[in-house]
Amino acid sequence: MPCINPDGTLTPSAKAMLSAVLSPATPEEVAKSTGLPLFRIRSSIREMRETGLVEEKEGKYLATRIGKEKSEG
Amino acid sequence: MEGKVASETREVASMPRLGESAPSFEAVTTQGTVRLEDFKGSWLILFSHPADFTPVCTTEFIGFAEIHPELTKRGAELLGLSVDSVSSHIAWVRNVEEKMGVKIPFPVIADLDRKVATSYGMIHPGESKTETARCVFIIDPEGILRAMIYYPLTTGRNMQEILRLIDALQTTDKHKVATPANWKPGDAVIVPPPNTQEMAEQRLKEGYECKDWYFCKKKL
């Protein structure tokens with residue numbers, strides 16, 4: 001899982017992405033605020049949704065409670 | 001007279017075709033698992049190389065890394081591929097950075113099961129039964145395959161031609177024109193030939209630089 005290190009902590013890019021979805025944002029908005037390519041945002045958001053770090057609401061993405069805790073840790 | 005008909009089973013590799021949707025995929029890369037649809041809205045240059053830790057491929061990766069900023073300006077992403085493991089890719093790109101001083105900014109697919117290579121016709125058994133040839137697939141923001149280049153194992157690709165091809169395709173899309181041989185940005189472009197006799201008669205009066213009714217150029 002590229003977003004999560006073997007010890008359970010987040011990679012720097014995953015932390016940046018989670019920080020960008022503390023309020024609802026589209027992948028395009030996350031790409032703009034993080035400076036990461038859109039394909040990486042789409043790929044990472046998919047993985048973070050699968051691990052319960054991010055949820056979708058009406059086409060936008062938002063960090064879950066676990067995601068917020070991880071982004072601060 | 002009785003006789004036996006020899007039966008022969010031949011494996012026919014699928015080949016993608018220009019103007020059709022590029023084969024979809026999900027693949028493990030050096031930057032995580034990506035799908036073709038993740039690149040929607042961007043131009044994608046999907047390219048294969050025969051193997052990691054080989055000299056011609058190393059020069060090509062350096063070349064692709066060098067044109068990466070120019071591609072980014074054009075809204076295009078790079079995605080490499082070979083039949084190597086992700087650990088091998090990571091070790092190689094780290095080696096290229098350490099020994100050659102070039103950071104590889106794009107992801108590289110680890111296509112160990114050859115699924116992507118097979119769906120794109122990247123393995124040419126006459127060249128190598130185990131390695132991918134030097135293929136380039138240019139996929140537009142709608143996921144349509146717009147151009148293909150195939151080079152043999154022995155010949156490194158020309159990065160300026162890849163940039164030129166992207167420029168030509170984007171110019172065609174934007175201005176509805178064609179581009180002549182050896183065209184480069186700033187050169188005159190080809191006005192699409194008329195397809196009725198009436199249009200052909202008008203064409204010579206439209207102010208283009210014409211050799212004849214079917215062969216007119218204009219500056220953009």
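Labels below follow one simple rule: chain letters A, B, ... track the order of the sequence lines, proteins then strands, and each chain is numbered from 1.
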* Asked: Side chain of A/S43, backbone of B/T33: donor and acceptor closer than 3.5 Å?
  ->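 Between the backbone of B/T33 and the side chain of A/S43 there is a qualifying donor-acceptor contact (under 3.5 Å).
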
* To do: Could you tell me whether B/Y214 atom OH has more than 12 heavy atoms of other residues or ligands within 6.0 Å of it?
  =>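 No, because the 6.0 Å sphere around OH of B/Y214 holds 12 heavy atoms or fewer from other groups.
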
* B/R74 atom CZ: more than 12 heavy-atom contacts under 6.0 Å ->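 Atom CZ in B/R74 is crowded, with more than 12 foreign heavy atoms closer than 6.0 Å.
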
* With a 4.5 Å heavy-atom cut-off, do B/K40 and A/R42 have their side chains touching? ->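 Sidechains of A/R42 and B/K40: in contact.
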
* Could you check if a side-chain atom of B/R35 sits within less than 4.5 angstrom of a side-chain atom of A/F39, using non-hydrogen atoms only? =>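 In short, these two side chains do not touch, never coming nearer than 4.5 Å.
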
* Asked: Is any side-chain N of the basic residue among B/D38 and A/R40 closer than 4.0 Å to the acidic one's carboxylate O?
  ->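 Answer for the salt bridge query: no.
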
